[in-house]
Colleague: 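Pasting a structure below so you can have a look.
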Amino acid sequence: ARPVIEAFSLSKPVIASDFQSTREIIKQDHTGLLFQPNNYQALSNNIIRLIENPVFAKNLGKNGYKEAVIKYNAIKNSKKIFQYYDDLYV
C-alpha cells in the first residue's frame with residue numbers, strides 16, 4: 001500500500017492489483033485503477049486506457065494527490081501514532 005500512497009503524493013495515476021489493502025486506498029476510476037491479480041489482459045487494458053486518455057490519467061493523479069494530502073500526510077499520521085502511544089500508557 002505504501003507505493004500507492006507515494007504515487008499519490010507525486011500526482012501519478014495508479015494501476016494496482018485488487019487486493020484488500022489497495023482496495024481500501026484506491027477509489028476505482030477516481031484515484032486509480034484496479035485489476036484482478038494475474039489478469040494481465042486487464043492490466044494492459046488499464047495501461048492503454050491511461051495512454052489513450054491523458055486527461056483522465058492526469059485527473060487520477062490530481063485526485064490521488066488530494067487523497068494523500070488529506071489522509072496520509074506526515075503530521076496527521078504522527079499525531080495518530082503519538083495518540084496511540086499515549087492511550088497505551090495512560
Side-chain angles (χ1 to χ4, degrees):
R2 184 176 176 155
V4 172
I5 296 166
E6 290 174 358
F8 281 179
S9 71
L10 297 171
S11 299
K12 300 298 181 187
V14 174
I15 300 173
S17 295
D18 188 5
F19 293 113
Q20 182 177 353
S21 59
T22 52
R23 194 177 322 116
E24 290 174 0
I25 299 170
I26 296 172
K27 296 174 186 163
Q28 181 69 14
D29 292 326
H30 183 69
T31 59
L33 301 171
L34 297 168
F35 66 95
Q36 291 301 311
N38 300 315
N39 186 339
Y40 305 107
Q41 186 63 48
L43 171 59
S44 64
N45 289 342
N46 282 335
I47 293 169
I48 291 167
R49 186 175 176 198
L50 293 183
I51 292 169
E52 291 179 345
N53 299 287
V55 172
F56 175 66
K58 190 165 188 79
N59 285 333
L60 288 180
K62 286 180 183 179
N63 293 337
Y65 178 80
K66 290 175 189 174
E67 189 87 1
V69 168
I70 293 168
K71 285 188 171 180
Y72 304 107
N73 71 63
I75 294 170
K76 184 181 266 189
N77 286 337
S78 62
K79 286 180 181 179
K80 286 181 185 178
I81 291 169
F82 287 127
Q83 184 61 51
Y84 175 77
Y85 283 115
D86 285 345
D87 293 346
L88 282 175
Y89 293 109
V90 173

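We count residues from 1, following the sequence as given.
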Colleague: Please list, chain by chain and in numerical order, all residues satisfying side chain to side chain donor-acceptor pair (under 3.5 Å) with Y40, sequence neighbours excluded.
Modeller: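 Partners of Y40 under the side chain to side chain donor-acceptor pair (under 3.5 Å) test: N38.
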Colleague: Indicate if Y72 and V69 have the same hydrophobic cluster label, given that clusters are the connected sets of ILVMFWY residues with side-chain heavy-atom separations under 4.5 angstrom.
Modeller: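 Y72 does not cluster with V69.
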Colleague: Restricting to side chain to side chain donor-acceptor pair (under 3.5 Å), what partner residues turn up for Q28, sequence neighbours left out?
Modeller: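 Per chain and number, Q28 pairs via side chain to side chain donor-acceptor pair (under 3.5 Å) with no residue.
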Colleague: Run the side chain to side chain donor-acceptor pair (under 3.5 Å) test against N45 and tell me which residues pass, sequence neighbours left out.
Modeller: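 In terms of side chain to side chain donor-acceptor pair (under 3.5 Å), with neighbours along the sequence ignored, N45 is linked to Q41.
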Colleague: Mind checking what makes side chain to side chain donor-acceptor pair (under 3.5 Å) contact with K27, not counting sequence neighbours?
Modeller: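 Checked K27 against side chain to side chain donor-acceptor pair (under 3.5 Å); matches are E67.
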Colleague: Do any pairs count as a side-chain hydrogen bond (donor to acceptor under 3.5 Å, both in side chains) and have a residue in residues 48-59, sequence neighbours left out, and if so which ones?
Modeller: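 Qualifying pairs: D29-R49.
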Colleague: Is there a path of hydrophobic side-chain contacts, each under 4.5 Å between heavy atoms of I, L, V, M, F, W or Y residues, that connects L50 with L43?
Modeller: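 Cluster IDs for L50 and L43 match.
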Colleague: Side-chain heavy atoms under 4.5 angstrom apart, residues restricted to Ile, Leu, Val, Met, Phe, Trp, Tyr: same cluster for I25 and L34?
Modeller: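 Yes; tracing contacts between hydrophobic side chains, which count when under 4.5 Å, links both residues.
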Colleague: Is it possible for you to say whether V4 and F35 belong to one hydrophobic cluster, with membership spreading through side-chain heavy-atom contacts below 4.5 Å?
Modeller: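 Not linked; separate clusters.
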Colleague: Could you tell me the separation between the CD1 atom of I26 and the CD1 atom of I5, rounded to the nearest 0.5 Å?
Modeller: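 Rounded to the nearest 0.5 Å, the CD1-CD1 separation comes out at 10.0 Å.
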Colleague: Do Y85 and L88 come within less than 4.5 Å of each other through their side chains, counting heavy atoms only?
Modeller: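 Sidechains of L88 and Y85: in contact.
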Colleague: First locate atom CZ of F8, then atom CD1 of I70, and finally report the distance between them rounded to the nearest 0.5 Å.
Modeller: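 Reported value, rounded in 0.5 Å steps: 11.5 Å.
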Colleague: Kindly compute the distance separating CG (D87) from CZ (F82), expressed to the nearest 0.5 Å.
Modeller: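 Going from the CG atom of D87 to the CZ atom of F82 covers 13.5 Å.
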Colleague: Which donor-acceptor pairs under 3.5 Å do side chains of residues 9-18 form with protein atoms, sequence neighbours excluded?
Modeller:
from: S9; atom 1: OG; to: E6; atom 2: O; distance (Å): 2.6
from: D18; atom 1: OD1; to: R23; atom 2: NE; distance (Å): 2.7
from: D18; atom 1: OD1; to: R23; atom 2: NH2; distance (Å): 3.4
from: D18; atom 1: OD2; to: Q36; atom 2: NE2; distance (Å): 3.1

